[in-house]
Amino acid sequence: MSDQGHHVPEPAPSRRRSWSDLGPRLLSAAVLVALTATALYVGSYVFAAVVGAVFAGAYREWETMVTRAPLTPGGMVLIGLVAVSGLIYPFLGPLGTTSVIAVACAVAIVMRGEEAPWRVLGLVIYGAIIVAALAMRGDTVAGVWAGVYLGTVVWMTDSAAFFTGRQIGGEKLAPDISPSKTWSGALGGLALGTGAGLLVWVLATDSPWWIGLVLSATISVLGQLGDLSESAVKRHFRIKDSGDIIPGHGGLMDRLDSLTFGILFVLLVGALHAGYGSVAEGLLYW
């Protein structure tokens, strides 16, 4: 018989419930890493085509987010121009890509509407990332190692932040922007992202280890800032995920946000150190 004089508390929900998306996340991540690594290794037109297509897909999500409506013919034109801006890079270099993005911005302005500034912002951001990614890859083996290094720091930061934040929890990092992010996750991401990046640095270069440490930590922090920035934009438009194309992860924007500031930082460091034509070498060899 039950004791009606005492309230029996309901059992706390099992922590396992929060890991129900782990399988899809891991499988999707494995596929994404394999595709990215293959395109990075092949380089040339293949890498340019993949970069153009991926960021065109990301801009598609941006377009539907800022317009809060289904795609229009004008929006499809903008998506197509983003894809072309990547494809044209091997032929005309950064000038060609920048010119196509400029045309896209002009089209966005002509389309008018209150979302025009947001459209232009998205086009400029993705255009800059496309230029940075293709400049980093270049046509040398250094470009492959630079891509591996950057991807390792960013994705290990993301993974460690995800697992540490869920397992440990604790004080929220930026509750008004992203309620799920915690300080424990941020610090865990910084630790693993920096450590993994330093390992790749030591294996790939003969440069001083402390430079790799500083660069890895900076990229890790910038990756988390990129994630928070995208979360702020999504919160402004009151959406949780930018899309559902990647099982367990959301949309392309959700996966690429951590690359935004990091890859622009790579372009800046590499170009200042060795010139725009040797971004990867300028990043890795000191």
Side-chain angles (χ1 to χ4, degrees), residues 13-37 54 58 61 125 129 132-133 147-201 212-236 239-266:
S14 171
R15 183 179 291 275
R16 291 181 182 177
R17 199 186 272 178
S18 64
W19 299 103
S20 60
D21 60 345
L22 183 58
R25 287 183 71 93
L26 291 177
L27 181 59
S28 298
V31 172
L32 289 172
V33 169
L35 291 175
T36 303
V54 166
E61 295 173 355
I125 290 172
I129 296 173
V148 170
Y149 169 69
L150 174 65
T152 298
V153 176
V154 170
W155 285 325
M156 287 298 99
T157 297
D158 271 357
S159 298
F162 172 77
F163 286 107
T164 306
R166 282 202 176 187
Q167 190 64 32
I168 298 177
E171 187 175 351
K172 301 300 182 182
L173 177 63
D176 293 335
I177 297 176
S178 182
S180 64
K181 291 181 174 59
T182 62
W183 278 102
S184 64
L187 294 174
L190 175 61
L192 184 59
T194 301
L198 181 58
L199 177 61
V200 174
W201 180 272
L213 179 67
V214 172
L215 291 176
S216 299
T218 302
I219 292 171
S220 180
V221 171
L222 289 174
Q224 298 193 56
L225 288 176
D227 195 345
L228 283 173
S229 298
E230 194 230 14
S231 294
V233 173
K234 289 191 299 183
R235 197 167 185 82
H236 174 80
I239 66 170
K240 181 180 184 296
D241 294 320
S242 62
D244 57 3
I245 192 173
I246 308 174
H249 290 269
L252 287 169
M253 280 176 55
D254 298 321
R255 286 301 86 210
L256 298 170
D257 52 9
S258 299
L259 276 172
T260 304
F261 295 147
I263 200 164
L264 294 177
F265 175 72
V266 164

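Contact detail for Val153 and Ser220: the closest heavy-atom pair is CG1-N, 3.7 Å. The nearest pair of heavy atoms linking Ala196 to Met156 is CB-CG, 3.6 Å. Pairing each heavy atom of Ala160 with each of Gly188, the nearest pair is CB-O, 3.4 Å. Across Ala217 and Thr194, no two heavy atoms sit closer than the pair CA-OG1, 3.4 Å. Nearest approach of Val154 to Ser258, heavy atoms of both residues: CG1-CB, 3.6 Å. Ser231 and Ile177 make their closest contact through CB-CG2, 3.8 Å (heavy atoms, listed as atom of the first residue, atom of the second, distance).
The side-chain contact (heavy atoms from CB on, under 4.5 Å) test with Ile129 singles out one residue from Val54, Thr260, Leu259, and that residue is Thr260. Partner of Leu173 under the side-chain contact (heavy atoms from CB on, under 4.5 Å) criterion, chosen from Thr182, Leu187, Leu228: Leu228.
Interatomic distance, Thr157 OG1 to Phe162 CZ, rounded to the nearest 0.5 Å: 15.0 Å. Rounded to the nearest 0.5 angstrom, Leu225 CG and Asp257 CG are separated by 11.5 Å. Atom CZ of Phe261 sits about 10.5 Å away from atom CG of Asp227, to the nearest 0.5 Å.
Partners of Thr36 according to the side-chain hydrogen bond (donor to acceptor under 3.5 Å, both in side chains) rule, which considers only residues two or more places apart in sequence or in another chain, do not exist here. Every residue two or more places apart in sequence or in another chain was checked for a side-chain hydrogen bond (donor to acceptor under 3.5 Å, both in side chains) with Thr152, and none qualifies.
Side-chain contact check for Tyr149 versus Ser216: some heavy-atom pair is nearer than 4.5 Å. Residues Leu215 and Phe265 meet the side-chain proximity criterion, which asks for heavy atoms closer than 4.5 Å.
Put simply, the side chain of Gln224 gets close to the backbone of Ala186: a donor and an acceptor are under 3.5 Å apart. Within the 3.5 Å criterion, the main-chain N or O of Met253 finds a donor-acceptor partner in the side chain of Glu61.
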